[in-house]
Amino acid sequence: MILLKDLYQNSKDYSDKQIEVSGWIRNNRAQKEFGFIDMNDGSCFKTCQIVYEANNLDNFKDVQKFRNGASVNVKGKFVLTPDMPQPFEIKAEEIILLGDSQEDYPMQPKRHTREFLREKPHLRVRTNLFSAVFRLRSEVAYAIHSFFHERNFVYVNTPLITSNDGEGAGQLFGVVTNSENPETDFFGKKVFLTVTGQLHVEPYAMAFRNVYTFGPTFRAENSNTQKHASEFWMVEPEIAFADLDDEENLAEDMIKYVIKYVLDHCPSEMEFFDKFVEKGLIDRLKAVLNTEKFARITHHDAITILKNSKENFENEPEYGGDLATEHEKYLTRYFNGPVFVHDWPKDIKAFYMKLNDDNETVRGSDLLVPGSGEIIGGSQREERLDVLLKRMEELGMNEATLDWYVDTRRYGGCKHAGFGLGVERLLMFLTGVDNIRDVLSYPRTPNNCDF
RNA sequence: GCCUAAAUAGCUCAGUUGGUUAGAGCACCUGACUGUUAAUCAGGGGGUCGUAGGUUCGAGUCCUACUUUGGGCGCCA
């Protein structure tokens with residue numbers, strides 16, 4: 001059995017050879033004495049054309065009626081067709097129906113709306129768009145692991161169930177077994193699905209120096225937007241003996257590495273996105289790749305830019321306030337590409353971010369990109385024990401439950417930094433797909449956990 | 001959570017100032033066709049017009065509520 005991927009990569013080697021393939025019918029165009037099947041075997045984005053003729057097949061009449069979605073096994077001759085729209089085709093000598101597809105197969109050889117396809121997440125992966133999205137997702141994951149592995153980072157799996165009630169990182173899902181009373185339930189206390197692996201991975205950075213997590217995370221926020229899901233994936237590197245500059249450099253290198261990787265390794269998929277999802281996508285990504293250095297500005301300067309912009313913002317930019325979506329969009333337009341915004345007012349950022357000497361701002365840094373907004377949030381961590389404890393006290397946090405975390409500052413702490421990358425938001429940025437539900441396999445959002 | 005728009009065949013849509021039997025393309029079924037590329041051509045089946053009320057002689061069309069979905073905003077990654 002041969003894979004279509006091999007046939008495309010080594011077409012000449014197979015010229016006029018007998019081959020066998022298996023796959024799923026995307027389209028079947030039957031005529032009186034012959035017909036054409038577009039078949040995809042899952043090994044690559046492209047389909048291959050099977051030519052079948054009445055003279056060559058015992059079951060010609062049956063094959064004519066094979067429907068979209070059916071799985072087939074094909075034996076025949078591989079023929080190069082340089083003068084045709086497709087580079088080669090298979091002249092079938094035997095076609096066996098492996099799995100019939102019923103008359104009501106919903107995937108047609110035409111455009112479907114994303115909304116309809118979301119109702120069929122188990123079938124939409126057989127369409128061009130989702131075939132491209134989810135192969136890219138896989139390649140992006142591999143690229144991210146490669147990036148960190150090449151830099152000697154240690155990959156850490158942090159727990160998904162946690163008793164930390166998520167310091168400032170949003171609403172949590174509770175985890176229960178069968179008891180309404182946490183004290184008599186499985187863990188003997190209230191536990192939750194994690195909203196971040198950061199607190200758990202920081203101690204690993206104090207042992208392995210450079211580490212990262214790559215895993216799912218859960219937020220029970222009632223967010224109804226294109227950019228939010230209740231279950232999504234994050235990559236969270238943490239680097240020791242490093243400051244905010246190092247953290248921003250790492251984030252920028254990683255983004256560029258992944259862009260280069262998908263352009264090099266997923267040309268078919270990227271061409272498809274460029275043609276049918278977002279015109280000019282590839283040029284846009286190449287421009288980011290070729291940017292000498294991403295723009296880096298302070299939150300204060302960002303607000304000044306917004307105030308001077310003469311735009312009619314619905315939300316007034318304020319020096320002490322967060323950036324609204326419209327502000328993020330303006331800033332990425334202003335810099336015509338990704339931009340780091342750092343040194344945020346301490347009141348709107350998490351307790352663990354390093355306090356600046358002004359006592360007003362912290363060394364947090366968000367990376368904003370065109371299309372997806374904030375895809376990375378990071379910071380230099382507060383490594384000074386006394387300052388950290390003071391911050392926790394100011395915020396009324398329960399020091400006892402985080403005592404283990406504070407230990408990292410008691411025993412050989414050092415300056416360190418890290419960030420969290422929203423994997424789906426990166427995918428949206430890379431593909432041009434504008435809804436997070438279309439880059440997650442079975443997306444979970446408020447009031448939606450089917451399948 | 002707030003604002004807004006939409007819901008008609010399996011899918012994508014049309015349906016006039018309220019008027020008689022609700023249409024088209026694709027999909028499916030039957031047939032035609034000697035190289036198709038979302039093939040084409042002819043015919044056929046398929047609808048309690050999102051749900052529940054209401055106005056009216058008469059509602060797919062107008063009104064109210066609800067449900068679901070899209071978009072915008074907020075919270076965040």
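Proteins come first, then strands; the chains are lettered A, B, ... in the order of their sequence lines, and each starts at number 1.
- Within the 4.0 angstrom heavy-atom criterion, base atoms lie near A:Met84.
- Ring orientation note: the planes of A:Tyr261 and A:Tyr257 are close to parallel, at an angle under 30° on the 30°/60° scale.
- In this structure, A:Phe116 places its CZ atom 15 Å from C1' of B:A7, rounding to the nearest Å.
- Ionic pairing of A:Arg296 and A:Glu248 is present here: one or more N-O contacts between side-chain nitrogen and carboxylate oxygen are shorter than 4.0 angstrom.
- For the pair A:Glu231 and A:Arg219, the salt-bridge criterion is not met [side-chain N within less than 4.0 Å of a carboxylate O].
- A straight line from CG of A:Asn68 to P of B:A27 spans 9 Å, rounded to a whole angstrom.
- Checked for salt-bridge contact, A:Glu119 and A:Arg124 miss the test: no charged N lies under 4.0 Å from a carboxylate O.
- In this structure, A:Glu231 places its CD atom 17 Å from C1' of B:C76, rounding to the nearest Å.
- The number of heavy atoms from other shown groups lying within 6.0 Å of OH (A:Tyr334) does not exceed 12.
- Straight-line distance between the P atoms of B:G25 and B:G45: roughly 14 Å, to the nearest whole Å.
- Contact annotation: A:Arg26 does not reach the phosphate of B:A38 (side-chain N/O to OP1 or OP2, under 4.0 Å).
- The aromatic rings of A:Phe130 and A:Phe134 lie parallel to each other, with less than 30° between the two planes, well short of the 60° mark.
- Residue A:Glu236 contributes atom CD, which lies 13 Å from atom C1' of B:C76 at whole-angstrom precision.
- Between A:Glu103 and A:Asp322, the residue anchored nearer the 5' end of RNA chain B, judged by the nucleotide with its closest heavy atom, is A:Glu103.
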Here RNA chain B, pairs taken as Watson-Crick or G-U under 3.5 Å and shown with ( ), [ ] when crossing and | when to another strand, reads (((((((..((((.....[...)))).(((((.......))))).....(((((..]....))))))))))))....
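- When rounded to the nearest whole Å, the span between CZ of A:Phe88 and P of B:G35 equals 23 Å.
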Protein-nucleic acid N or O pairs under 3.5 Å, nucleotides 67-74 of chain B:
| residue | atom | partner | partner atom | Å |
| --- | --- | --- | --- | --- |
| B:G70 | OP1 | A:Arg118 | NH1 | 2.8 |
| B:G71 | OP1 | A:Gln226 | NE2 | 2.7 |
| B:G71 | OP1 | A:Asn435 | ND2 | 3.3 |
| B:G72 | OP1 | A:Gln226 | OE1 | 3.3 |
| B:G72 | OP2 | A:Gln226 | OE1 | 3.3 |
| B:C73 | N4 | A:Asn224 | O | 2.7 |
| B:G74 | OP1 | A:Thr325 | N | 3.4 |
| B:G74 | OP2 | A:Thr325 | OG1 | 2.7 |
| B:G74 | O6 | A:Asn224 | N | 3.0 |
| B:G74 | N1 | A:Asn222 | O | 3.3 |
| B:G74 | N2 | A:Asn222 | O | 3.0 |

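- Between A:Tyr442 and A:Phe451, the ring planes are tilted. Angles from 30° to 60° get that label.
- Comparing the C1' positions of B:U4 and B:U21 gives a spacing of 38 Å, expressed to the nearest Å.
- When the P atom is compared between B:G1 and B:U51, the two are found 25 Å apart, to the nearest whole Å.
- Rounded to a whole angstrom, the distance from the C1' atom of B:U48 to that of B:A52 is 14 Å.
- Using a 4.0 Å heavy-atom distance criterion, A:Pro106 is classed as making no nucleic acid contact.
- Between B:A6 and B:C75, the distance separating the two C1' atoms is 26 Å to the nearest Å.
- In this structure, A:Glu33 places its CD atom 9 Å from P of B:C33, rounding to the nearest Å.
- Between A:Lys110 and the phosphate of B:A38, there is no side-chain N or O to OP1/OP2 separation shorter than 4.0 Å.
- Separation of the C1' atoms belonging to B:C13 and B:A7 is 13 Å when rounded to the nearest angstrom.
- Rounded to a whole angstrom, the distance from the C1' atom of B:G47 to that of B:A9 is 5 Å.
- Only the P atoms considered, B:A59 is 11 Å distant from B:G19, to the nearest whole Å.
- One finds no side-chain N or O of A:Lys65 lying less than 4.0 angstrom from the OP1 or OP2 phosphate oxygen of B:C29.
- Between A:Tyr52 and A:Phe60, the ring planes are tilted. Angles from 30° to 60° get that label.
- At the heavy-atom level, A:Glu53 lies nowhere under 4.0 Å from the strands shown.
- Because its NZ or CZ atom is both nearer than 6.0 Å to the ring centre of A:Phe294 and within 45° of the ring axis, A:Lys256 counts as a cation-pi partner of that residue.
- The residue A:Ile376 sits close only to the backbone: its heavy atoms come under 4.0 Å of sugar-phosphate atoms, none of a base.
- When each of A:Thr113 and A:Phe36 is assigned the nucleotide of RNA chain B bearing its nearest heavy atom, the one mapping closer to the 5' terminus is A:Thr113.
- Between the C1' atom of B:C33 and the CD atom of A:Gln64 lies a distance of 11 Å, rounded to the nearest Å.
- Counting to the nearest Å, the C1' atom of B:G35 and the CZ atom of A:Arg29 are 10 Å from each other.
- The nucleotide whose nearest atom lies closest to any side-chain atom of A:Arg67 is, among B:A38, B:C29, B:G35, B:C29.
- A:Tyr319 and A:Thr304 are linked by a side-chain donor-acceptor pair at a separation below 3.5 angstrom, with hydrogens and angles left out of the test.
- Residue side chain A:Gln108 does not reach the base of B:U12 through any donor-acceptor N/O pair under 3.5 Å, judged by distance alone.
- In the displayed structure, A:Gln18 atom CD is contacted under 6.0 Å by more than 12 heavy atoms of other residues, nucleotides or ligands.
- Looking at the side chain of A:Lys32, the nearest of the listed nucleotides B:U36, B:C75, B:U34 is B:U34.
- Contact annotation: side chain of A:Gln102 to base of B:G10, donor-acceptor pair absent below 3.5 Å.
- Under the side chain to side chain donor-acceptor pair (under 3.5 Å) criterion, A:Gln226 pairs with no residue, sequence neighbours left out.
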